[in-house]
Protein chains: 2
Amino acid sequence: MHNARKTSRPSLASPPIDDELYGITELAQEFGISLRAIRFYEDKGLLAPRRINGGRAYTRRDRVRLGLILRGKAVGMSLAEIEHILSLYGDHGEGHAKQLEYLVDRIDAAMRELDMRRCNIEAMCAELGEVKRQLQRTLAAKRRARKA
Amino acid sequence: MHNARKTSRPSLASPPIDDELYGITELAQEFGISLRAIRFYEDKGLLAPRRINGGRAYTRRDRVRLGLILRGKAVGMSLAEIEHILSLYGDHGEGHAKQLEYLVDRIDAAMRELDMRRCNIEAMCAELGEVKRQLQRTLAAKRRARKA
DNA sequence: CATGTTGTTGACGTTAACGTAAGCACTGGG
DNA sequence: CCCAGTGCTTACGTTAACGTCAACAACATG
C-alpha cells in the first residue's frame, strides 16, 4: 500500500461511486496520531476499513468516524463510550419507527451527558477566573505600593 | 479515627481557627468514591491532609480540592493535568510580582485549554443534533406514510 | 535482482488509575 | 478483657489505551 491513490477525479465527477480512499499513514499524519492507534481503534470495532491487497483503505466516512473518535477522546470519553456514540451514526435509513425513536432517545441521553461535561468545564473556568481576578487585585495592590 | 468530629461550633464563632475537619469515609461517601481513591490522590500529591492520631483529617480546603479533582476527571483531565490546575489554587498571597504574573499566564493557558474542550463538546453536540434532526425527518415521513 | 518503502500481524512492555487482599494498630462497648 | 469497627500500610492485580519490536509480504525502483 505505498500508493495512497489520490483518485485524481478528472473533473467529470461520476457520482459518489469511486469513494475517495485514504491510506493509514495519510490519516495518521492528518490527525497526528500513530498507525498503531488507528489499528487499535479498529481492533476495538470503532473502525472497519476495506482491505485492498491486504492494506487498509479508509473512506471519507471512516475519516469522519476517526475525527469523532479523537474528539471524543479530547472530551474525556472512553473508547467504549465513543463506540456508543458512533453507533448512532449508522445508516439506519431502514428501521422501524420504534427503533428510530429509541435512537432519538439515545441521542438525547448522549447530548445530556455532553452537556454535563460542558457545565463542569464552565464551572472550572469560573473558578479559575475567580483565582485570576484575586491575583490581579493582589498585583494591582503591589503596583500601587511600589508607586507610593 | 472513628469519631469524625463535627466540631459542633457553638454559635459563638471564634474566627477561622477550628477549621471544620472531615474524615476520609465522610468525604468518600459525600463524593461517592472509594477510600482507596482518596488515598491514591494523596499519593499523587493532589491532597495533603493533616494527620490526627495516625488518621487523615481533611479541611474545607481539602474538600474543595477533592471536588476540583473529580470535576477535572469528569472533564477528561489526567491527574497530572489536574495537579497543574490545583497548583494554581495555592495561597500565593506572598510572591513577587513576576511570579504572580506568571501564575496569571498559567491560569489563562488552563482556561484556553478548557475552552478548547468546551468547543469540542459543542461540536459533538451539534453533530448529534444533526443526526437527531435527520432521524426525526425520517420518522415524520414514516408517520405521514402510515396516515395515507 | 537487490533494496527500500509501506503495510500487516503478533507478542510483549508500559502508564495511569485505581481495586483487592493481608496484616497490624487503635478505640469504644459489652 | 475481648471483639467488632475503622483506619493505615504494603504489595500485588487489573483495565484501558496504547507503544515497541520482530518478522514477514507486496510493490516500486535502480
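Order of the sequence lines fixes the chain letters, A, B, ..., with proteins taken first and strands second; residue numbering starts at 1 for each chain.
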Notebook entry, point to check: Starting at NZ of A:Lys73 and ending at C1' of D:dA17, how long is that distance when rounded to a whole Å?
Noted result: 7 Å
Notebook entry, point to check: Rounded to whole angstroms, how far apart are CD on A:Glu42 and P on C:dT8?
Noted result: 8 Å
Check: What is the distance from CD1 of B:Ile69 to C1' of C:dA16, rounded to the nearest Å?
Finding: 15 Å
Notebook entry, point to check: If you check the B:Leu79 side chain, which of C:dC18, D:dA17, C:dG7 turns out closest?
Noted result: C:dC18
Notebook entry, point to check: Could you give the CD-to-P distance, from B:Glu83 to C:dA17, as a whole number of Å?
Noted result: 10 Å
Next item on the list: For the residue pair B:Ile52 and B:Leu21, establish whether any side-chain heavy-atom pair is separated by less than 4.5 Å.
Entry: yes
Checklist line | Contacting residues from residues 29-40 of chain B, given that a heavy atom lies under 4.0 angstrom of DNA chain C | finding: B:Ser34, B:Arg36, B:Ala37, B:Phe40
Note to self: Using whole Å, what does the distance between atom C1' of nucleotide D:dC18 and atom CG of A:Leu70 come to?
What the structure shows: 13 Å
Item checked: Nearest-neighbour nucleotide for the B:Arg51 side chain, D:dT9, C:dC18, D:dC27 considered -> D:dT9
Check: Can A:Gln134 and A:Arg137 be counted as having a side-chain donor-acceptor contact under 3.5 angstrom?
Finding: yes
Checklist line | Heavy-atom donor-acceptor pair, B:Arg65 side chain to B:Leu46 backbone, under 3.5 Å | finding: yes
Margin query: Rounded to whole Å, how long is the line connecting atom CG of B:Asn53 with atom C1' of D:dC8?
Written below: 13 Å
Check: Rounded to the nearest 0.5 Å, how far apart are CZ of A:Arg112 and SG of B:Cys125?
Finding: 11.5 Å
Item checked: Nearest-Å distance for atom pair CG/C1', residues A:Asp43 and C:dT9 -> 10 Å
Next item on the list: Drop me the distance from A:Leu79's CG to A:Glu83's CD, to the nearest 0.5 angstrom.
Entry: 9.0 Å
Item checked: B:Thr25 vs D:dT6: side-chain N/O to OP1/OP2 distance below 4.0 Å -> no
Next item on the list: Check every atom of C:dG7, C:dT9, C:dA17 against the side chain of A:Arg56 and return the nucleotide holding the closest atom.
Entry: C:dT9
Next item on the list: Using a 4.0 Å heavy-atom cut-off across all strands, classify A:Lys44 as base, sugar-phosphate, or nothing.
Entry: nothing
Check: Can you find a pair of side-chain heavy atoms, one from A:Leu88 and one from A:His84, that are under 4.5 Å apart?
Finding: no
Check: Are any of the side-chain heavy atoms of A:Leu47 and A:Arg56 separated by less than 4.5 Å?
Finding: no
Item checked: Residue-phosphate contact under 4.0 Å: B:Tyr41 side-chain N/O, C:dC18 OP1/OP2 -> yes
